[in-house]
Amino acid sequence: MSSIAPSLAQSVERILGAGGVVSWDAADLMLRSQISQAVTPSTQIDCIAYPETQEQLAELIACAAQNRWRVFPCGSGSKLHWGGLAGGINLVISTARMNRLIEHAIGDLTVTVEAGMRLADLRAILGKEGQFLAIDPAYPGQATVGGIVATGDTGSLRQRYNSVRDMVIGISFIRSDGQVAKAGGRVVKNVAGYDLMKLLTGSYGTLGMISQITFRIYPLPAASQTVVLTGNSAAIAQAASTLLASSLTPSAIDLIDDRTVGALGLGEGVGLMSRFQTIEVSIKKQTEQLFALEQNLGLAVTVQSGDDEMALWQQLRERIETDPQPSTVTCKIGVLPAQAVQTLAQFSQIGADMTVAQIHAGSGLGVLRFESITLDALLKLRSICQAQGGFLSVQAAPLALKQAIDVWGSSGSSLDLMRRIKQQFDPQFLFSSGRFVGGI
């Protein structure tokens with residue numbers, strides 16, 4: 001990639017000051033590596049800009065629009081390797097220095113923060129008041145809230161609390177013309193602009209650059225316990241179906257493949273992990289009811305709480321998120337919840353080196369990780385998902401594989417609508433061009 005272009009860098013420096021712009025060659029090596037996994041090999045990035053306020057960010061994007069510089073938004077860079085490859089990028093804009101708390105309405109259970117705040121820092125702030133943001137996304141130690149919203153990354157807690165887009169009740173973002181736009185508000189009952197907030201969530205920075213977000217938050221649960229059932233596929237499928245149809249209210253219900261069960265020391269067969277987070281007496285009663293529901297299925301049971309429970313979920317996360325090798329491929333999938341266990345069995349027959357599979361039983365959304373997989377095997381897996389009306393998108397993969405496959409897969413009849421929305425929001429295609437579905 002090229003060294004810094006004086007005209008671009010000088011323009012950015014006039015807006016942000018000398019400390020607000022870093023040449024590509026002088027940028028942090030880790031961030032450069034992360035960005036390189038998100039852009040086409042021919043991309044020539046000039047510099048990385050670090051605005052500190054929403055006003056600076058707006059002025060910077062207005063300047064980019066005037067000069068037709070293609071912009072690549074990022075936060076900490078933890079999930080830049082997800083999604084398609086952006087092309088023709090001139091300028092990377094990071095929100096890492098836009099990381100302030102704007103308002104914490106403790107009694108109203110809402111919080112407003114800048115997009116560059118790390119989730120770990122927000123958790124620390126909320127935890128002091130016995131509250132939390134009910135999401136469990138990837139890379140929670142590094143991920144920024146803006147990046148989490150931009151990728152629509154929720155995690156296992158969606159079973160109890162729904163998705164991250166349901167947590168967003170207000171948002172501010174910078175349009176491609178440099179104007180600040182707002183939707184929603186700072187109170188839960190305010191629903192103005194709700195559709196606009198949904199539109200930005202999961203858009204991978206292709207419609208605008210998020211600057212501030214207001215979330216609904218929840219009281220921290222008093223206690224937590226995880227029950228893991230393991231056994232043959234038919235019994236686990238029945239257990240999952242029975243649990244989902246019951247009146248029990250676990251915060252997470254996840255299916256894991258037999259290889260992951262063994263690696264976590266949970267026994268043999270397919271696993272069903274159910275996490276209960278509430279007051280202790282409720283956890284006890286719900287666990288007893290779960291045992292009663294599943295007692296005739298012949299499944300092995302493991303119950304974990306305290307540090308052991310935390311370690312269990314952390315080990316599962318590490319199997320998915322551990323630093324990828326050059327050939328590692330990670331996929332996001334969506335399947336019919338009723339067919340999730342059967343789908344896992346089909347995946348295992350493909351012959352790919354699948355090291356972990358995790359599917360949220362209530363939604364059918366999940367993640368697969370392979371230490372290596374051929375293009376042919378990947379397409380077979382996508383066919384299995386699409387045959388039931390689901391999907392398989394490639395989150396992380398070697399650049400050569402991403403260039404050889406449609407990363408997102410079929411978008412059905414919605415692609416034309418997506419393109420019209422992109423044209424409306426970003427007519428010059430300044431933001432992350434080529435990164436989203438259909439090359440948007």
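Side-chain atoms are counted along with the backbone in the values below, which use heavy atoms only and exclude waters and symmetry mates. Remember, predicted model here, so these are calculated numbers, not experimental data.
Contact check for L199 versus F425: side-chain heavy atoms found under the 4.5 Å cut-off. For the pair T242/Q238, a side-chain contact is recorded, criterion being any heavy-atom separation below 4.5 Å from C-beta on. Contact annotation: the side chain of E268 never approaches that of D258 to less than 4.5 Å [non-hydrogen atoms, C-beta and beyond]. Under the 4.5 Å side-chain criterion, counting only non-hydrogen atoms from C-beta, V71 is not in contact with I89. In this structure the side chain of L368 reaches within 4.5 angstrom of the side chain of I333, judged on heavy atoms. Counting only heavy atoms from C-beta outward, the side chains of L133 and V111 never approach each other to under 4.5 Å. Side-chain atoms of L101 and M117, non-hydrogen and from C-beta on, do get closer than 4.5 Å to each other. For the pair R97/P51, no side-chain contact is recorded, criterion being any heavy-atom separation below 4.5 Å from C-beta on.
For the pair R317 and D136, the salt-bridge criterion is met [side-chain N within less than 4.0 Å of a carboxylate O]. A salt bridge does not link R259 with D257: every distance from a Lys NZ or Arg NE/NH1/NH2 to an Asp or Glu carboxylate oxygen is 4.0 Å or more. Ion pairing of R275 with E309 is present here, as a side-chain N (NZ or NE/NH1/NH2) and a carboxylate O approach within less than 4.0 Å. R118 and D121 are joined by a salt bridge, as a carboxylate oxygen and a charged side-chain nitrogen come within less than 4.0 angstrom of each other. A salt bridge does not link D28 to R32: none of the charged nitrogens lies less than 4.0 Å from a carboxylate oxygen.
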Original post:
Passes salt bridge (charged side-chain N to carboxylate O under 4.0 Å, His left out), K380 versus D376? Steps please.
Top reply: CA-CA 6 Å; K380 287 180 180 178; D376 182 61; 3.5 Å; yes

Subject >> Audit row: S33, S36, side chain to side chain donor-acceptor pair (under 3.5 Å) steps and yes/no >> reply: CA-CA 5 Å; S33 175; S36 295; over 6 Å; no

Original post:
Checking side-chain contact (heavy atoms from CB on, under 4.5 Å) for the pair D153/W82: CA distance, chi angles, key distance, verdict?
Top reply: CA-CA 11 Å; D153 187 21; W82 288 11; 3.7 Å; yes

Subject >> Stepwise side-chain contact (heavy atoms from CB on, under 4.5 Å) test for D46 and W24 >> reply: CA-CA 6 Å; D46 295 307; W24 177 256; over 6 Å; no

**OP:** Report the C-alpha distance between E371 and R369 in whole Å, list the side-chain angles of each, state the deciding distance to 0.1 Å, and finish with yes or no for salt bridge (charged side-chain N to carboxylate O under 4.0 Å, His left out).
**Re:** CA-CA 7 Å; E371 292 313 310; R369 179 181 170 120; 3.0 Å; yes

Original post:
Can F347 and I384 be said to form a side-chain contact (heavy atoms from CB on, under 4.5 Å), step by step?
Top reply: CA-CA 8 Å; F347 288 165; I384 291 172; 3.9 Å; yes

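A donor-acceptor pair shorter than 3.5 Å cannot be found between the side chains of T206 and S203. A donor-acceptor contact under 3.5 angstrom links the side chains of Q358 and D254, judged on distance only. In summary, the side chains of W313 and T226 do present a donor paired with an acceptor at a separation below 3.5 Å, with no hydrogens or angles considered. Between the side chains of S251 and Q277, at least one donor N or O sits under 3.5 Å from an acceptor N or O. Judged by distance alone, the side chains of H104 and Q131 do bring a donor and an acceptor atom under 3.5 Å apart. With hydrogens and angles left out, the side-chain atoms of S211 and Q54 include a donor and acceptor closer than 3.5 Å. The closest side-chain donor-acceptor pair between S176 and Q428, if any, does not fall under 3.5 angstrom.
Here Y218 contributes atom OH and Y161 contributes atom OH; the two are 7.5 Å apart, rounded to the nearest 0.5 Å. Considering OG of S247 and CG of L293, their distance stands at 8.0 Å, rounded to 0.5 Å. In this structure, L399 CG and H81 NE2 are separated by 12.0 Å, a value rounded to the nearest 0.5 Å. Between atom OG1 of residue T214 and atom CD1 of residue I102 there is a gap of 9.0 Å, rounded to the nearest 0.5 Å. To the nearest 0.5 angstrom, L126 atom CG is 10.5 Å from K128 atom NZ. Residue T201 holds its OG1 atom at 8.0 Å from CD1 of I213, rounded to the nearest 0.5 Å.
In this structure, Q286 contributes its side chain and T249 its backbone to a donor-acceptor pair below 3.5 Å. The main-chain N or O of Q142 is found under 3.5 Å from a side-chain atom of S76 such that the two form a donor-acceptor pair.
Aromatic ring pairs are classed by plane angle as parallel below 30°, tilted from 30° to 60° and perpendicular above 60°; the pair Y204 and W408 is perpendicular.
Within the cation-pi definition used here (under 6.0 Å to the ring centroid, within 45° of the axis), K422 qualifies as a partner of F429.
When the shell of 6.0 Å around CD of Q424 is examined, it contains 12 or fewer heavy atoms from other residues, nucleotides or ligands.
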